[in-house]
Structures are given as structure tokens and as C-alpha cells.
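Just so you know, residue 1 is the first one in the sequence shown, and it goes up from there. Owing to the predicted nature of the structure, the values given are computational and were not obtained by experimental measurement.
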Amino acid sequence: QVQLVESGGGLVQAGGSLRLNCAASGGSFSAYAMGWFRQLPGKDREFVATINWIGDATEYADSVKGRFTISRENTKKTAYLQMNSLKPEDTAVYYCAATRLIYPTPDPNIYDYWGRGTQVTVSS
């Protein structure tokens with residue numbers, strides 16, 4: 001069983017940056033691919049970024065390519081999402097997730113464990 005806790009969300013002006021952290025406990029962190037998703041009230045969860053178990057393969061949603069970077073430190077059992085050039089449309093609750101699959105995947109149905117989310121608000 002893996003527990004995931006997100007942190008680093010907050011309020012930022014458009015054009016600013018935030019770094020989200022996802023701390024894992026339990027299980028073997030390095031055995032999981034990790035993903036970041038976001039969700040607005042009343043809408044489906046949206047894929048943002050994913051990274052494989054060792055951190056050398058990533059995939060991004062088109063809407064965040066070139067602005068967001070996903071990374072991980074297996075020794076610290078932590079995944080990150082560096083978000084630059086933020087836009088008001090990036091406002092959402094951001095969730096990290098872990099899947100027993102070792103390769104990255106954008107499909108939220110594949111993920112086995114989820115954090116509770118952290119709010120990101122980008123003002124114009």
C-alpha cells in the first residue's frame with residue numbers, strides 16, 4: 001500500500017511558477033510510475049504529466065508541454081511537478097498518482113494510488 005501526499009500548491013499570478021511535491025510512504029516507490037493529474041469542479045480528471053519508474057521517460061499533455069516538468073527522486077520517495085509560465089487556465093486541484101506499471105501512462109484508470117490533491121490558483 002502506497003500513501004501519497006501532495007504539497008506546494010497555492011495562489012500565484014499569471015506568468016509565475018510553483019513546484020508541487022508528492023511524498024510517498026509505504027510500498028516501494030521506485031517500482032511505480034508516477035503521474036500528475038488535475039481536476040476542476042464538475043469536470044473529469046485531466047492528465048498533466050507522467051514519468052517512468054527510473055525517471056528517464058516522461059510524457060506531457062499538450063497544454064503543458066514546454067512549461068511543466070515532471071521529475072522524481074527515488075532515494076527521497078518524492079515526485080515533483082515544476083510549473084512555469086502559469087496561466088489562469090492551469091487553476092485546478094492537482095493530484096499525484098502511482099501505478100504498479102513501470103512505464104509512464106496518461107490513463108488515470110491505470111493508476112492504483114492517489115493523493116488527496118493540492119489547490120493551484122493562478123490569477124490573471
Side-chain angles (χ1 to χ4, degrees):
Q1 189 79 8
V2 175
Q3 292 80 43
L4 303 172
V5 178
E6 302 94 338
S7 63
L11 174 64
V12 64
Q13 287 189 331
S17 298
L18 283 174
R19 189 179 82 162
L20 303 184
N21 308 306
C22 175
S25 60
S28 179
F29 179 74
S30 61
Y32 299 92
M34 299 296 295
W36 286 96
F37 296 81
R38 63 189 183 188
Q39 189 170 24
L40 286 170
K43 294 198 172 183
D44 291 336
R45 200 159 290 187
E46 176 188 29
F47 165 71
V48 176
T50 180
I51 188 167
N52 71 338
W53 69 286
I54 201 171
D56 63 357
T58 58
E59 186 176 339
Y60 297 91
D62 288 343
S63 58
V64 307
K65 273 181 188 175
R67 301 188 298 122
F68 290 11
T69 302
I70 188 171
S71 61
R72 66 189 296 161
E73 288 188 82
N74 287 347
T75 56
K76 294 184 178 181
K77 294 189 175 183
T78 303
Y80 307 95
L81 185 68
Q82 178 67 44
M83 306 186 295
N84 299 329
S85 302
L86 282 161
K87 304 175 182 180
E89 51 264 43
D90 294 319
T91 295
V93 176
Y94 282 71
Y95 298 88
C96 73
T99 172
R100 294 187 189 94
L101 298 177
I102 61 173
Y103 54 84
T105 175
D107 183 354
N109 297 309
I110 300 298
Y111 287 80
D112 303 292
Y113 306 104
W114 292 83
R116 292 189 175 184
T118 184
Q119 176 71 46
V120 171
T121 304
V122 184
S123 63
S124 56

Distance (rounded to the nearest 0.5 Å) between Ser124 OG and Lys87 NZ: 14.0 Å
Set of side chain to side chain contact (heavy atoms under 4.5 Å, CB included) partners for Lys43, sequence neighbours left out: Leu40
Side chain to side chain contact (heavy atoms under 4.5 Å, CB included) partners for Val2, two or more places apart: Leu4, Ala24, Tyr32, Tyr113
Qualifying disulfide bond (SG atoms under 2.5 Å apart) pairs with a residue from residues 19-124, counting only residues at least two apart or across chains: Cys22-Cys96
Any side-chain heavy-atom pair of Ile51 and Pro104 under 4.5 Å: no
Inter- and intrachain pairs under salt bridge (Lys or Arg N to Asp or Glu O under 4.0 Å), touching residues 111-124, at least two apart: Arg100-Asp112
Rounded distance [0.5 Å steps], CG in Leu18 versus CG in Leu81: 9.5 Å
Heavy-atom closest pair, residues Trp36 and Ile70: CD1-CD1, 3.5 Å
Main-chain N/O of Ala33 paired with Thr99 side-chain donor or acceptor, under 3.5 Å: no
Rounded distance (nearest 0.5 Å) linking atom CG of Asp56 with atom CZ of Arg72: 10.5 Å
Donor-acceptor contact present, side-chain Thr91 to main-chain Val122, <3.5 Å: yes
Where at least one partner belongs to residues 19-42, residue pairs that pass salt bridge (Lys or Arg N to Asp or Glu O under 4.0 Å), sequence neighbours excluded: Arg38-Glu46, Arg38-Asp90
Exam field: side chain Asn52 to backbone Ala57, donor-acceptor pair closer than 3.5 Å: yes
Side-chain heavy-atom pair Glu6, Leu20 within 4.5 angstrom cut-off: no
side-chain contact (heavy atoms from CB on, under 4.5 Å) between Glu73 and Tyr80, worked out: CA-CA 8 Å; Glu73 288 188 82; Tyr80 307 95; 2.7 Å; yes
Shortest non-hydrogen separation from Ala92 to Gln119 and the atoms involved: O-NE2, 3.4 Å
Close side-chain approach of Gln82 and Ser71, heavy atoms under 4.5 Å: no
Cluster link Tyr103 to Ile110, ILVMFWY, side chain under 4.5 Å: yes
Ser25 side chain near Lys77 side chain, heavy-atom distance below 4.5 Å: no
Face-on cation placement of Arg45 at Tyr111 ring, 6.0 Å and 45° thresholds: no
Interatomic distance, Ser7 atom OG to Tyr94 atom OH [nearest 0.5 angstrom]: 15.0 Å
Contacts of type ring pair (Phe, Tyr, Trp, His ring centres under 6.0 Å), residue Phe47, not counting sequence neighbours: Phe37
Donor-acceptor under 3.5 Å (Thr58 side chain, Thr50 main chain): no
Tyr60 and Arg67, any side-chain heavy atoms less than 4.5 Å apart: no
